[in-house]
Amino acid sequence: GAGVSQSPSNKVTEKGKDVELRCDPISGHTALYWYRQSLGQGLEFLIYFQGNSAPDKSGLPSDRFSAERTGGSVSTLTIQRTQQEDSAVYLCASSSRPGWNTEAFFGQGTRLTVV
Amino acid sequence: AQSVTQLGSHVSVSEGALVLLRCNYSSSVPPYLFWYVQYPNQGLQLLLKYTTGATLVKGINGFEAEFKKSETSFHLTKPSAHMSDAAEYFCASTYQKVTFGTGTKLQVIP
């Protein structure tokens with residue numbers, strides 16, 4: 001597609017339920033990032049996928065969070081047993097090469113509200 | 001390991017005044033540096049980037065930033081603020097992955 005697409009754009013869920021957030025990166029982009037943006041906070045790195053390499057999961061805040069990337073393209077971020085503190089905007093970004101001088105292109109984000 | 005520090009989570013300037021948003025990086029190797037802007041209820045978009053070459057980089061909407069290796073800084077400036085510049089600004093560095101600062105919210109006072 002023309003840009004990074006995230007779905008849903010908004011999600012309201014009950015505490016304790018599981019949620020899945022989807023990211024469609026720009027076609028051909030090998031690097032994919034997930035970030036979390038909470039109210040009053042900056043961008044919190046969650047996980048990074050690069051090609052077929054093992055993902056960098058160092059930013060995942062707890063074992064309730066997991067992500068996968070199928071076929072080197074679409075990625076799904078899963079949050080199990082959601083808590084109120086998980087409420088945030090979850091941003092996905094992709095870039096054509098790891099690091100280097102390429103910019104990251106961001107989706108519009110998924111606003112997650114846990115009630 | 002690389003890190004990015006943005007001094008000041010909130011900055012207020014009067015319309016027409018100089019905008020200065022500070023960014024310092026820490027990296028074991030010279031990084032590539034970026035500024036992104038996020039307007040209210042929108043995603044992030046690239047404002048400008050430094051890769052190699054000229055250390056003064058010009059971006060969109062009249063913004064520019066200067067890479068100063070000796071100071072490990074990449075501060076963002078604009079000579080005259082407009083109301084439309086009100087947004088959140090993120091500095092980022094890349095070496096093997098993108099690392100963002102915590103952001104600075106710019107308020108422009110009429």
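Lettering of chains follows the sequences in order, A, B, ..., and the numbering in each one begins at 1. Everything numeric here is computed off the predicted structure, so don't read it as measured data.
- Taking the six-membered ring for Trp and the full ring otherwise, the centers of A:Phe45 and B:Phe100 sit at least 6.0 Å from each other.
- Between B:Leu44 and A:Leu91 there is a side-chain heavy-atom pair separated by less than 4.5 Å.
- Chain B is approached within less than 4.5 Å, heavy atom to heavy atom, by A:Gly107, A:Gln108, A:Arg111 from residues 107-115 of chain A, ordered by number.
- Open room surrounds CD on A:Glu14; 12 or fewer heavy atoms of other groups in view lie less than 6.0 Å from it.
- Both B:Leu47 and B:Met83 are assigned to one and the same hydrophobic cluster, defined by single-linkage of ILVMFWY side chains at heavy-atom distances under 4.5 Å.
- Using a 4.5 Å cut-off between side-chain heavy atoms of Ile, Leu, Val, Met, Phe, Trp and Tyr, with links allowed through other members, A:Val74 and A:Val19 fall into different hydrophobic clusters.
- Chaining together hydrophobic side chains whose heavy atoms lie under 4.5 Å apart leaves B:Val4 on its own.
- Legend: residues meeting ring pair (Phe, Tyr, Trp, His ring centres under 6.0 Å) with A:Phe65, ordered by chain and number and at least two apart, are absent.
- Linking ILVMFWY residues whenever their side-chain heavy atoms come closer than 4.5 Å, directly or via other members, leaves A:Tyr35 and A:Ile47 in distinct clusters.
- Within the 4.5 Å cutoff, the side chain of B:Tyr36 has no heavy atoms near those of the A:Leu43 side chain.
- Residue B:Val19 is grouped with residue B:Val108 when hydrophobic side chains (ILVMFWY) are merged at heavy-atom distances under 4.5 angstrom, including chains of intermediate members.
- Cluster annotation: B:Phe74 and B:Leu21 are assigned to the same hydrophobic cluster (Ile/Leu/Val/Met/Phe/Trp/Tyr, side-chain heavy-atom contacts under 4.5 Å, transitive).
- No part of A:Phe105 comes within reach of chain B, as not one of its non-hydrogen atoms sits under 4.5 angstrom from that chain.
- With a 4.5 Å cut-off on side-chain heavy atoms, B:Phe90 and A:Gln37 count as touching.
- Contacts between residues 53-64 of chain A and chain B, defined by a heavy-atom separation under 4.5 Å, are made by A:Asp56, A:Ser58.
- Inter-residue side-chain proximity for A:Phe106 and B:Gln45 is flagged as unmet; no heavy-atom pair is nearer than 4.5 Å.
- Listed options B:His10, B:Gln6, B:Gln38 were ranked by heavy-atom pairs under 4.5 angstrom with chain A; first place goes to B:Gln38.
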